[in-house]
Amino acid sequence: MENKIKRIDRKLAFQGVILDFYTDYMEMPDGKVVKWDFISHRKGAAAVVPVMDDGKILMVHQYRNALDRMTIEIPAGARDHVNEDTKICAARELEEETGYRSDNLEFLISLKPTVAYDNEFIDIYVARDLKPGKQHLDEYEFIELEPMDLDVLCEKIYAGEIQDGKTVAAIMAYKNKCADKTV
């Protein structure tokens, strides 16, 4: 299928720390020009499914301002710079958020969570053979940890208790692709 929509201009509306907000001027197939929002995520991100020795997945509970509530998520964060290997980022975020580290990270899935208006990507890894490290939370980051059974996580997804896109995708991909492997 041929793309008959063409960007004719992009103007920066706001520059943030990680995100830049733009107004795109798009020419439609009928010749009309319309404005679309575009958000550029300058760094990209990585996330990790931390699998404990007993097979439970170590989840983080944290407050999310956009939802005004606590969430259940996998550890994740932005890369330090655009050239940082996402595997290194995932390993760093694992230790920063959970206090565990792993030399056994396996790529699971790459996703673009909101393709309608931004270009963010998140590479997700599975971490096994977790070893105690040191938690390094950001100044205003408050996280509680909870190991959870995979079946319980799936139930929480289907019940709408876990709605974070990267977490849903990661848990379902892990269940489909990796859960039968020896942990």
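Just so it is clear, the structure is predicted and the values come from calculations on it, not from any experiment.
L58 and P147 make their closest contact through CD1-N, 3.9 Å (heavy atoms, listed as atom of the first residue, atom of the second, distance). Shortest non-hydrogen contact noted between A78 and H41 is CB-CE1, 4.4 Å. Taking both residues in full, the closest heavy atoms of A173 and I109 are given as CB-CD1, 4.2 Å, listed atom of the first, atom of the second, then distance. Listed here is the closest heavy atom pair of C89 and G77: SG-O, 3.5 Å. When all heavy atoms of D53 and D129 are compared, the pair lying nearest together is OD1-CA, 4.5 Å.
For F107, the ring pair (Phe, Tyr, Trp, His ring centres under 6.0 Å) test picks out Y125, with sequence neighbours left out.
The residues D164 and K166 are annotated as salt-bridged, a charged nitrogen and a carboxylate oxygen being separated by less than 4.0 angstrom. Taking the charged nitrogens against the carboxylate oxygens, D80 and K43 have no contact shorter than 4.0 Å, which rules out a salt bridge. The pair K11-D9 counts as a salt bridge, with a side-chain nitrogen and a carboxylate oxygen less than 4.0 angstrom apart. Note on R42 versus D20: salt bridge recorded, some NZ/NE/NH1/NH2 to OD/OE distance being below 4.0 Å. Between E73 and R64, at least one side-chain N (NZ, or NE/NH1/NH2) sits under 4.0 Å from a carboxylate O, which counts as a salt bridge.
Rounding to the nearest 0.5 angstrom, the gap separating the CZ atom in F38 from the OG1 atom in T23 is 12.0 Å. The structure places CG of L94 at 10.5 Å from CD of Q135, a figure rounded to the nearest 0.5 Å. Residue R92 holds its CZ atom at 10.5 Å from CD of E97, rounded to the nearest 0.5 Å. Atoms CG and OH, on D37 and Y117 in that order, are 10.0 Å from each other to the nearest 0.5 Å. Here the CD1-OG1 distance, from I74 to T167, works out to 4.5 Å after rounding to the nearest 0.5 Å. Distance check, rounded to the nearest 0.5 Å: CH2 of W36 to CE of M26 gives 4.5 Å.
H136 contributes a side-chain N or O that, together with a main-chain N or O of K134, makes up a donor-acceptor pair within less than 3.5 Å.
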- Task: Run the numbers on I124 and L111 for side-chain contact (heavy atoms from CB on, under 4.5 Å), then give the verdict.
- Result: CA-CA 8 Å; I124 301 174; L111 57 117; 3.3 Å; yes

- Message: Show, in sequence, the C-alpha distance, side-chain angles and deciding distance for K177 and L108, and conclude whether the side-chain contact (heavy atoms from CB on, under 4.5 Å) test is met.
- Response: CA-CA 8 Å; K177 190 174 180 182; L108 178 63; 3.9 Å; yes

- Query: Between Y25 and V34, does a side-chain contact (heavy atoms from CB on, under 4.5 Å) hold up when you go through it step by step?
  - Reply: CA-CA 6 Å; Y25 296 85; V34 298; over 6 Å; no

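Here the side chains of M52 and L130 are in contact, with some heavy-atom distance below 4.5 Å. Taking the side chain as every heavy atom from C-beta outward, F121 and D123 approach each other to under 4.5 Å. A 4.5 Å side-chain heavy-atom check between Q62 and T71 finds at least one atom pair inside the cut-off. No side-chain heavy atom of P50 sits under 4.5 Å from any side-chain heavy atom of Y100. For the pair I8/K6, a side-chain contact is recorded, criterion being any heavy-atom separation below 4.5 Å from C-beta on. Residues S110 and I122 are not in side-chain contact: their nearest non-hydrogen atoms beyond the backbone lie 4.5 Å or more apart. The shortest side-chain heavy-atom distance between T86 and R79 falls under the 4.5 Å cut-off. Using a 4.5 Å cut-off on side-chain heavy atoms (C-beta onward), V48 and E93 make no contact.
Clustering ILVMFWY residues whenever any of their side-chain heavy atoms sit less than 4.5 angstrom apart, transitively, puts I18 in the very cluster that holds I39. Connection of Y174 to M172 is established within a shared hydrophobic cluster, with ILVMFWY side chains joined at heavy-atom distances below 4.5 Å, either directly or through further cluster members. Under the 4.5 Å side-chain heavy-atom criterion for ILVMFWY residues, no single connected hydrophobic cluster contains both M59 and Y63. L12 and V17 sit in two unconnected hydrophobic clusters of ILVMFWY residues. Membership requires side-chain heavy atoms under 4.5 Å apart, directly or through other members.
Heavy-atom neighbours of N104 CG from other residues, nucleotides or ligands within 6.0 Å: above the threshold of 12.
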In a table with atom names and distances, give each donor-acceptor pair under 3.5 Å that connects a side chain of residues 149-162 to protein atoms at least two apart or in another chain.
residue, atom, partner, partner atom, Å
K156, NZ, E161, OE1, 3.0

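Paired with V51 under the rule side chain to side chain contact (heavy atoms under 4.5 Å, CB included), one option of R128, K56, E106 passes, and it is R128.
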